[in-house]
Protein chains: 2
Amino acid sequence: MLELRLVQGGLLKKVLDSLKDLVNDANFDCSATGFSLQAMDSSHVALVALLLRSEGFEHYRCDRNLSLGMNLSNMAKMLKCAGNDDIVTIKADDAADSVTFMFESPNQDKIADFDMKLMDIDSEHLGIPEAEFQAIVRMPSAEFARICKDLSTIGDTVVISVTKEGVKFSTRGDIGTANIVCRHNTSVDKPEEATIIEMEETVSLTFALRYMNSFTKATPLANQVTISLSSDLPVVVEYKVAEMGHIRFYLAPKIEEEEEIEAQRETRPQVETKPKTKPKTEIEPPIDDIKPKVEHVSDIKPKLEIKKPKEEIEASGESKPQVDAKAEIEVMDVE
Amino acid sequence: MLELRLVQGGLLKKVLDSLKDLVNDANFDCSATGFSLQAMDSSHVALVALLLRSEGFEHYRCDRNLSLGMNLSNMAKMLKCAGNDDIVTIKADDAADSVTFMFESPNQDKIADFDMKLMDIDSEHLGIPEAEFQAIVRMPSAEFARICKDLSTIGDTVVISVTKEGVKFSTRGDIGTANIVCRHNTSVDKPEEATIIEMEETVSLTFALRYMNSFTKATPLANQVTISLSSDLPVVVEYKVAEMGHIRFYLAPKIEEEEEIEAQRETRPQVETKPKTKPKTEIEPPIDDIKPKVEHVSDIKPKLEIKKPKEEIEASGESKPQVDAKAEIEVMDVE
DNA sequence: AGCTATCCGC
DNA sequence: GCGGATAGCT
């Protein structure tokens, strides 16, 4: 028996709006500690992780762990039927073949219940490796969204470079080039307008703007976004979900053009590059082709056997993405 | 060396949005007095003239006259990346093979620079003949835009008729006819809502709505639009660009349909119609076919030899389109 | 690429 | 309730 009651229905609507463009179907994993989801996007290039801790709910009851397979676009449709101020209750029994969404208007005049069939979804529940980041940028989420949108009118990829002074977003396309620099700035009146650069080491990584623009669908959730970068690791783009948890997007960097790959190999010959032949389970060759050398989330293919810890939901701190990621991966390549 | 600094970046965005649908590529001519552009639309039926006087810029430096060939749609894309309150700087060196747009956010936290390759464009820089107009209508630009849009759902052309009492916009199509009359009206509280008719002589001219609807893309630039009409001359549709200059669209009238011509001949047999045979240099027969008898801008074909004065940018008054047009044409028909 | 229809925010 | 923006269609 699962029963969660959330006072701010609008939050859940925004969460689903952030997810539904990236992921079609996914399992919501409910345990005593919270409500979470992890899924790769439909082309298996990006990964999204949602966490809503039980403490964030007005009422939270989860007798045993349940994995609710939902079509996110259908779930989003149902949640759209809730008013932004409605109290939302989610119910499922242990059979877990359907889920009920109940919406109560603030004055209790309207009570709606929506029932949705659940689906069996092959669990792609993946542990996410811990990592230290060379640089963490915190900036207004709307500004980041605007930059990604603007740059994608010029080019397909963005180079994100962090120095102590600021973060630079660059692109290049047929019509010209663009560079946008945002300076470290904590002096603004409102903390939500600050841009904060925490940097151990300068870092410069390239990403597909297409995915960045999907991630920024989460912008309505939070005033600020955190972008955590390390060479050869997926970037983590994180939005807080008010007092409850977060939504995190992971995207592997592209490696630079051929010449630069060669240069890298020369300076760091010990790097083990991924073989060009790819398993049939990989759906999206163009991106995988130019993936960096180390294992990271986008290397995890759905068919891999994963040891899935039952207590994967962490309840710990929110400040640094890397400390949150407690789940362990045990990847066995099927090839 | 060219360097212009404009405080209100939003203005330039609007200017480009007004131009880009009508003209693909054009030369921006920069001289000490200002920044201007003249171009025919891609089907050589309409003409657009932009003037931004140097006094309107926060900083204006132009060491020698430069003609910057730009793809307007690409330029518009880049300018869209500027915030409406950003300070925009445009730079080009004398080699003029590329141009840089720099955007600074009001608080200086974000600095972006966009570089765009320039193109070599055959100069179609055309002098525009002076003219006295029989009627000048000044009315709210949004109202004019609405009328053109509405009428184009009924018919393809609009007849604009001016009498002392007001201006009438009429169309006729398969589904019926429409007439919209706007009366002279200076009694409204707000001057931007006034409709002012200055008329020497009644005039009634027919235009293709397709072009009128392109012109009204400039509506966001100004609350009011000025429509200047004379028999057998192109209409001038003018929008002011706040404190800086203007954008003017020129469109030759169509002559009426065959039956109406016949009717006219009966009542006014002295009317001299243009011979049906046309010179080979005419590019766009459908419109030229039904052109009135006198020479006007849409008769100016790119191949004609045009005496192009170097000081084509006028710095004079804004109130009457005809007094601004100082450039001299010397048209030598190539036939 | 331009336009229309729908949805969302003000 | 209106205007703007976006997504999908032609």
Side-chain angles (χ1 to χ4, degrees), chain A residues 8-22 24 42 72-86 103 140-143 145-154 173-175 209-210 212-223, chain B residues 10 13-14 16-26 41-43 45-46 48 70-85 140-156 171 173 175 190 192-193 208-223 249:
Chain A
Q8 245 285 5
L11 261 190
L12 215 49
K13 295 171 70 169
K14 286 180 194 159
V15 165
L16 264 292
D17 280 342
S18 320
L19 296 173
K20 69 173 208 290
D21 289 337
L22 205 61
N24 298 126
S42 24
L72 297 189
S73 137
N74 292 342
M75 182 176 172
K77 276 184 194 166
M78 290 204 166
L79 288 172
K80 276 211 201 312
C81 302
N84 282 335
D85 301 321
D86 283 4
F103 310 137
S141 57
E143 193 168 333
R146 173 70 196 267
I147 289 169
C148 291
K149 182 169 148 282
D150 282 350
L151 292 187
S152 62
T153 67
I154 314 283
D174 293 341
I175 70 169
L209 278 166
R210 178 190 151 195
M212 287 292 175
N213 277 318
S214 283
F215 300 168
T216 60
K217 295 281 158 64
T219 302
L221 278 170
N223 287 325
Chain B
K13 295 171 69 168
K14 286 180 196 161
L16 263 106
D17 280 343
S18 318
L19 295 173
K20 68 171 209 292
D21 289 337
L22 205 60
V23 181
N24 297 125
D25 308 305
D41 83 293
S42 26
S43 53
V45 172
V48 58
M70 311 217 206
N71 175 302
L72 298 190
S73 136
N74 290 344
M75 182 177 173
K77 272 187 194 168
M78 291 203 164
L79 288 173
K80 275 210 203 314
C81 300
N84 283 332
D85 301 322
S141 58
E143 193 170 335
F144 177 62
R146 176 66 196 267
I147 289 168
C148 291
K149 181 167 150 282
D150 284 350
L151 292 188
S152 64
T153 66
I154 314 282
D156 298 327
T171 193
I175 68 169
K190 303 165 192 163
E192 68 266 26
E193 289 174 5
L209 278 165
R210 177 189 153 198
Y211 292 98
M212 287 293 175
N213 277 317
S214 282
F215 301 167
T216 60
K217 296 280 157 64
T219 302
L221 277 171
N223 287 324
F249 301 98

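Note on naming: letters A, B, ... go to the chains in the order of the sequence lines (proteins, then strands), and numbering restarts at 1 for each one.
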Would you name the heavy atoms of Thr153(B) and Ile175(B) that are closest together and state the gap between them?
->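 Shortest heavy-atom contact: O-CD1, 4.4 Å.
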Nearest heavy atoms of Ala46(B) and Asp41(B), plus distance in Å | N-OD1, 2.7 Å
Verdict with reasoning, Lys149(B) to Thr216(B), per side-chain contact (heavy atoms from CB on, under 4.5 Å) = CA-CA 9 Å; Lys149(B) 181 167 150 282; Thr216(B) 60; over 6 Å; no
What string of B, S and - do you get for nucleotides 1-10 of chain C, 5' to 3', when a contact is any protein heavy atom under 4.0 Å?
-> -SS----S--
Heavy-atom count around Asp150(B) CG within 6.0 Å, excluding the residue itself: above 12?
-> yes
Heavy-atom check, side chain of Lys77(B) versus side chain of Leu16(B), under 4.5 Å = no
